[in-house]
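Heads up, the thing below is written out as structure tokens.
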Number of protein chains: 2
Amino acid sequence: MTIYRKKSAQLPTSAPADAPRAAVHRLKGADRREDILNHASRLFLTYGIAGTSTRMIANAVGISQPSLYAHFATKEALANALSARAFSSLESLIGRIRSADIPAPARFEAMIRGYIGFALDQGAAYRIAFMLEGPMHEVEAFNPDILPGMQAFASFRDEVALLQLEGHLREGSTDHLAQSLWASMHGLCALLLARPDFPWGDVEAMIDFHVEIILAAYQNKA
Amino acid sequence: MTIYRKKSAQLPTSAPADAPRAAVHRLKGADRREDILNHASRLFLTYGIAGTSTRMIANAVGISQPSLYAHFATKEALANALSARAFSSLESLIGRIRSADIPAPARFEAMIRGYIGFALDQGAAYRIAFMLEGPMHEVEAFNPDILPGMQAFASFRDEVALLQLEGHLREGSTDHLAQSLWASMHGLCALLLARPDFPWGDVEAMIDFHVEIILAAYQNKA
DNA sequence: CTAGTAACCTATCAGTGATAGGATGGCGTA
DNA sequence: TACGCCATCCTATCACTGATAGGTTACTAG
């Protein structure tokens with residue numbers, strides 16, 4: 001558990017012989033970009049984000065390390081792009097749930113389980129959006145565009161507002177309600193992602209237990 | 001918001017003239033160790049953990065960068081020591097609450113508010129214990145000794161067990177209950193620490209709202 | 001007064017993210 | 001078919017990182 005990176009179990013520095021570099025040479029920009037994101041996603045999941053160097057990514061793709069910078073300005077930009085790609089799928093999931101023709105309580109539970117499932121499935125993207133160390137004492141104001149997860153949260157908040165309006169959620173400030181609900185879901189996901197080696201016991205049962213508590217806590221008692 | 005470090009707003013590389021190195025020369029081991037931890041704690045809070053280099057720490061202390069390694073094997077060990085020192089204060093806080101002669105509901109609320117207050121106060125230590133990227137696919141089993149926060153969680157879990165035994169918390173698996181409660185508190189702390197620039201609105205009110213929901217959700221309805 | 005040793009130093013290492021500037025291959029156009 | 005453009009990709013290198021090797025210095029026990 002190094003703070004910066006793992007000893008990184010040496011990856012081969014040169015491309016393996018069965019993946020000749022000529023074969024992947026000269027991809028079109030967009031294709032290469034997707035290529036990079038796919039390999040980075042896999043490496044981030046295996047070695048962690050800080051534990052994955054740009055050279056490891058480039059080597060996996062089959063290009064030189066500086067070539068990455070033709071597609072992404074920084075490693076952080078690469079990570080953000082990866083996160084954005086993943087979160088767009090969460091947004092569409094939330095969108096499908098919001099427009100689904102099912103009772104409000106079912107919509108509520110589906111959204112909660114969908115969020116948790118997404119976070120655990122897309123661990124790397126989720127970490128990038130919500131768990132990495134951000135700027136500490138930054139002067140500039142918060143810019144939602146640079147944090148892809150925030151758009152998904154906006155959709156989430158809108159659905160919370162609607163459910164509350166329909167009388168299915170407890171009363172009070174919608175912002176507080178959405179943020180508190182977010183915190184409750186995030187806590188579970190963040191701990192499971194950050195401390196997978198903790199003796200959780202039956203994780204599935206733990207998740208069910210937590211979801212049940214959330215359902216009871218935020219839904220209208222009436 | 002770099003993934004690794006900030007541009008780090010250059011700290012002076014040499015000790016300032018008004019803090020002559022001779023004055024702090026040759027401290028006894030334990031004192032120097034505390035000295036290092038104090039400076040590291042301040043720097044971690046200001047620049048983030050990844051954003052604080054060992055040279056910045058050494059320079060702040062007034063010793064050479066390799067001298068740090070006489071007291072800590074790695075930068076990670078330094079961070080863990082810092083975290084352990086902070087968490088021992090959380091443990092004693094939990095201990096005081098557990099032995100306080102106040103009604104169970106008050107003990108419960110004091111513990112929740114104490115945990116949240118600690119996490120937000122000791123942001124750097126809290127991040128080190130519960131939010132940093134751990135090993136991803138580590139084979140070796142979980143070792144509680146190396147994670148100082150885990151001892152505090154054990155105290156926390158014990159109090160949850162007692163409160164449940166006394167009938168003040170909802171029934172069910174004590175492990176699930178403690179872990180779910182932990183997740184609910186952690187989610188709030190982790191989001192506030194990781195995304196301080198999010199438009200939270202009135203943070204104090206948000207915390208109160210969340211605590212109220214937790215109190216209602218986990219306490220016995222009877 | 002003299003070891004012995006803990007504390008500290010300079011010099012250096014491999015690895016990191018990022019930049020500068022040159023080589024190359026495929027495609028639209030003449 | 002031939003030309004020239006330029007996106008793509010490369011090698012070489014930068015400053016900086018965490019960490020190690022090995023020598024120097026000052027306090028202290030005998």
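Chain identifiers are assigned alphabetically (A, B, ...) following the order of the sequence lines, protein sequences preceding nucleic acid strands; residue numbering begins at 1 within each chain.
Looking at A:His210, its side chain never comes within 3.5 Å of a backbone N or O of B:Ser184 through a donor-acceptor pair.
Across the protein-nucleic acid pair, A:Ile63 atom CD1 and D:dA7 atom C1' stand 13 Å apart, rounded to whole Å. In this structure, the CZ atom of B:Arg33 is 18 Å from the C1' atom of C:dC8, given to the nearest Å. In this structure, B:Leu68 atom CG and C:dA7 atom P are separated by 14 Å, rounded to whole Å. A straight line from NZ of B:Lys75 to P of D:dC16 spans 16 Å, rounded to a whole angstrom. Separating the CG atom of B:Leu78 from the P atom of D:dT17 is a distance of 16 Å, rounded to the nearest angstrom. Per the geometry, CG belonging to A:Asp35 stands 14 Å off C1' belonging to D:dT8, to the nearest Å. Put simply, CD1 on A:Ile57 is 11 Å from P on C:dT16, counting in whole angstrom units. In this structure, OH of B:Tyr47 is placed 16 Å from C1' of D:dC16, rounded to the nearest angstrom.
Taking the six-membered ring where the residue is Trp, B:Phe87 and B:Tyr126 present parallel rings, their angle staying beneath 30° rather than reaching 60°. Below 30°, between 30° and 60°, or above 60°: for B:Phe156 and B:Tyr115 the angle between ring planes is between 30° and 60°, a tilted geometry.
For C:dG17, its base sits under 3.5 Å from the side chain of A:Arg55 at one donor and acceptor pair at least.
OP1 or OP2 of D:dC9 has not a single side-chain nitrogen or oxygen of A:Ser64 nearer than 4.0 Å. Contact between the side-chain N/O atoms of A:His71 and the OP1/OP2 oxygens of D:dC9 is found at a separation under 4.0 Å. Residue A:Arg32 places at least one side-chain N or O under 4.0 Å from the OP1 or OP2 atom of D:dC9. Phosphate contact (OP1/OP2 of C:dC9, side-chain N/O of B:Ser67, threshold under 4.0 Å): present.
Set against D:dG18, C:dG17, C:dA18, the side chain of A:Thr54 has C:dG17 as its closest nucleotide.
Contacts of B:Glu159 classified as side-chain hydrogen bond (donor to acceptor under 3.5 Å, both in side chains), with partners at least two apart in sequence or in another chain: B:Arg98, B:Arg107. Partners of A:Asp202 according to the salt bridge (charged side-chain N to carboxylate O under 4.0 Å, His left out) rule, which considers only residues two or more places apart in sequence or in another chain, do not exist here.
Comparing A:Gln65 and B:Tyr69 by the nucleotide of DNA chain D that holds the closest heavy atom to each, the one mapping nearer the 5' end is A:Gln65. Both B:Pro66 and A:Ala70 sit near DNA chain D, but only A:Ala70 has its closest nucleotide nearer the 5' end.
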